[in-house]
Amino acid sequence: MVRANGAVSLRELARVVQTSEVTVRRDVRALEAEGLLDRRHGGAVLPGGFTRESGFPQKSHLATAEKTAIADLAASFVEEGEAVVVGAGTTTQELARRLARVPGLTVVTNSLLVAQALAHANRVEVVMTGGTLRGSNYALVGSGAEQSLHGLRVTRAFLSGSGLTAERGLSTSNMLSASVDRALVQAAAEVVVLADHTKLGTDTMFQTVPTDVITRLVTDEPPSHDDRAATELQALADQGVHISVAGPGAGAPAGAVPGPEQVPQQQRRRDVPPLPGQRRTHHPHPPGAQPQGGGAPSGPQLRSAGSLGTEPPTARVADLAPRRR
């Protein structure tokens, strides 16, 4: 199955061979020892997966329930009338399906799949980048895509990737995709990463978003046996990333203060706040460069990510706006 598809999930393997995921995990470990495949959290890939990227058909079958929960929670952060950018990926495609219900929304994307999910949303405007089509993930990449993002300014960017670590941040295995993702980040005041637990602790070739630029991570609850994912979540929180955990096991802790985002009651979540007092600055333009028009500094000053969940919406929006002279 790995040779045929490039990647396979433990859940799918257990279903096919009619056994438990615990048994499958043990067998996959043995196959890795023989050099026949490489293990990944929640699945397995062909050897040498550090440089190899699975295509969309393979990715779409990995962690599907987790991606759905993540998309549900991420959509609750988007308000009516906002302008956002949404990158390419199977998780962001799930998000786009939910954004179709947000009136007055403007979505900028380089993903054909995201645009398709929003194509019939009457009250959502879709703006696509230019660029060259990359067939493996149905995304527009290259200089045309990057140039079309120059001068763009939106509230937040929603991005996914191949791996996420506290040390390097978000990364992907394709250079062209990484370059466009960096351009998307430059256009946004706030960066929200969507990554299921199978990507936590995984490092791939090309960095897209450094950890200190990530405002929020929306993920799912790691399995109890996944110590690496849990450790990575805590390390990300320690570096100032606000972590929102979605899924059936993410009940709110006692005494938690609800944030301004109105999460549906049926969507259970758990937030892991960053260390208090940390502040990070997101520069949407290269150091020393002036944004178009010259009327604003190189980027907004963001409060610590932890404050986003406790302040009223008006204060949060004001923090995202560039300071004027």
Side-chain angles (χ1 to χ4, degrees), residues 71 74-89 91-93 95-115 117-118 121 123-131 139-141 144-161 170 177-194 208-210 213-218 242 260-261 280-286 289-293 295-303 305 308 313-324:
S76 70
F77 301 143
V78 181
E79 300 173 357
E80 181 177 343
E82 274 195 77
V84 300
V85 296
V86 179
T91 310
T92 52
Q93 181 189 23
L95 171 64
R97 294 190 177 110
R98 289 145 181 82
L99 295 183
R101 300 189 291 267
V102 182
L105 186 66
T106 300
V107 177
V108 181
T109 184
N110 69 318
S111 169
L112 298 186
L113 298 175
V114 168
L118 295 167
R123 295 178 294 177
V124 177
E125 181 179 1
V126 180
V127 179
M128 295 207 67
T129 68
L140 297 171
V141 298
E146 296 170 39
Q147 290 173 8
S148 65
L149 294 165
H150 288 172
L152 182 70
R153 188 64 173 160
V154 299
T155 305
R156 56 175 62 88
F158 292 93
L159 295 177
S160 187
L170 189 67
S177 296
S179 186
V180 174
D181 281 353
R182 285 192 288 267
L184 292 171
V185 168
Q186 295 295 323
E190 179 179 334
V191 178
V192 181
V193 171
L194 312 182
T208 56
V209 188
V213 176
I214 300 173
T215 310
R216 182 185 295 272
L217 165 65
V218 184
H242 194 121
E261 307 86 354
R280 294 176 294 130
T281 303
H282 174 202
H283 298 284
H285 302 279
Q290 290 293 328
Q292 292 189 2
S298 61
Q301 302 294 319
L302 294 183
R303 295 177 181 270
L308 296 178
T314 52
R316 179 165 55 90
V317 173
D319 288 340
L320 299 177
R323 295 179 180 174
R324 301 189 179 279

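Throughout, residue positions are numbered sequentially from 1 according to the sequence presented.
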J.: For the residue pair Val86 and Thr109, what are the closest heavy atoms and their distance?
T.: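 Heavy atoms only, the tightest pair is O-OG1, 2.7 Å.
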
J.: side-chain contact (heavy atoms from CB on, under 4.5 Å), that's the test. Do Val85 and Leu152 meet it? Break it down for me.
T.: CA-CA 10 Å; Val85 296; Leu152 182 70; 3.9 Å; yes

J.: Restricting to side-chain contact (heavy atoms from CB on, under 4.5 Å), what partner residues turn up for Asn110, sequence neighbours left out?
T.: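 By the side-chain contact (heavy atoms from CB on, under 4.5 Å) rule, Asn110 matches Ala88, Thr129, Ala139, Leu140, Val180, Leu184.
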
J.: My understanding is that only residues two or more places apart in sequence, or in another chain, count here; which of them pass salt bridge (charged side-chain N to carboxylate O under 4.0 Å, His left out) with Arg97?
T.: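 Here the qualifying residues are Glu94.
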
J.: Would you give the length of the straight line joining atom CZ of Phe77 to atom CZ of Arg216, rounded to the nearest 0.5 angstrom?
T.: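 With rounding to 0.5 Å, CZ (Phe77) is 4.0 Å from CZ (Arg216).
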
J.: Return the minimal non-hydrogen interatomic distance between Gly87 and Ser111, and the atom names on each side.
T.: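 Shortest heavy-atom contact: O-CB, 4.2 Å.
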
J.: Could you check if a side-chain atom of Glu146 sits within less than 4.5 angstrom of a side-chain atom of Ser179, using non-hydrogen atoms only?
T.: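 Glu146 vs Ser179: side chains touch.
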
J.: Do Thr208 and Leu159 make a side-chain contact, defined as non-hydrogen atoms from C-beta onward lying under 4.5 Å apart?
T.: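 SC-SC contact between Thr208 and Leu159 ruled out.
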
J.: Considering non-hydrogen atoms only, spot the tightest contact between Arg153 and Gln186 and give its length.
T.: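 Smallest interatomic distance, heavy atoms only, reads NH1-O, 4.2 Å.
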
J.: Once rounded to the nearest 0.5 Å, what's the spacing between atom CG of Leu170 and atom CZ of Arg182?
T.: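 Leu170 CG to Arg182 CZ: 11.0 Å, rounded to 0.5 Å.
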
J.: Got a sec, which residues hit side-chain contact (heavy atoms from CB on, under 4.5 Å) with Leu118, two or more places apart in sequence or on another chain?
T.: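 Leu118 satisfies side-chain contact (heavy atoms from CB on, under 4.5 Å) with Ala96, Leu99, Ala100, Val107, Val114, Val124, Val126 only.
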
J.: In the structure I gave you, are the side-chain heavy atoms of Asp181 and Val209 within less than 4.5 Å of one another anywhere?
T.: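 Result no, sub-4.5 Å side-chain heavy-atom pair not found.
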
J.: How close do Arg101 and Arg123 get, heavy atom to heavy atom, and via which atoms?
T.: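 For Arg101 versus Arg123, the nearest heavy atoms are O-NH2, 4.4 Å.
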
J.: What's the spacing between Thr215 OG1 and His242 NE2 if we round to 0.5 Å?
T.: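 Thr215 atom OG1 to His242 atom NE2 measures 11.0 Å (nearest 0.5 Å).
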
J.: Just so I know, are the side chains of Leu112 and Met128 near enough to count as touching, which here means a heavy-atom distance under 4.5 Å?
T.: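 Side-chain contact under 4.5 Å: yes.
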
J.: Is any side-chain heavy atom of Leu194 less than 4.5 Å from a side-chain heavy atom of Thr92?
T.: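 In contact.
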
J.: So which heavy atom on Leu113 is nearest to which on Gln93, and how close?
T.: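 Here Leu113 and Gln93 meet closest at CB-NE2, 3.8 Å.
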
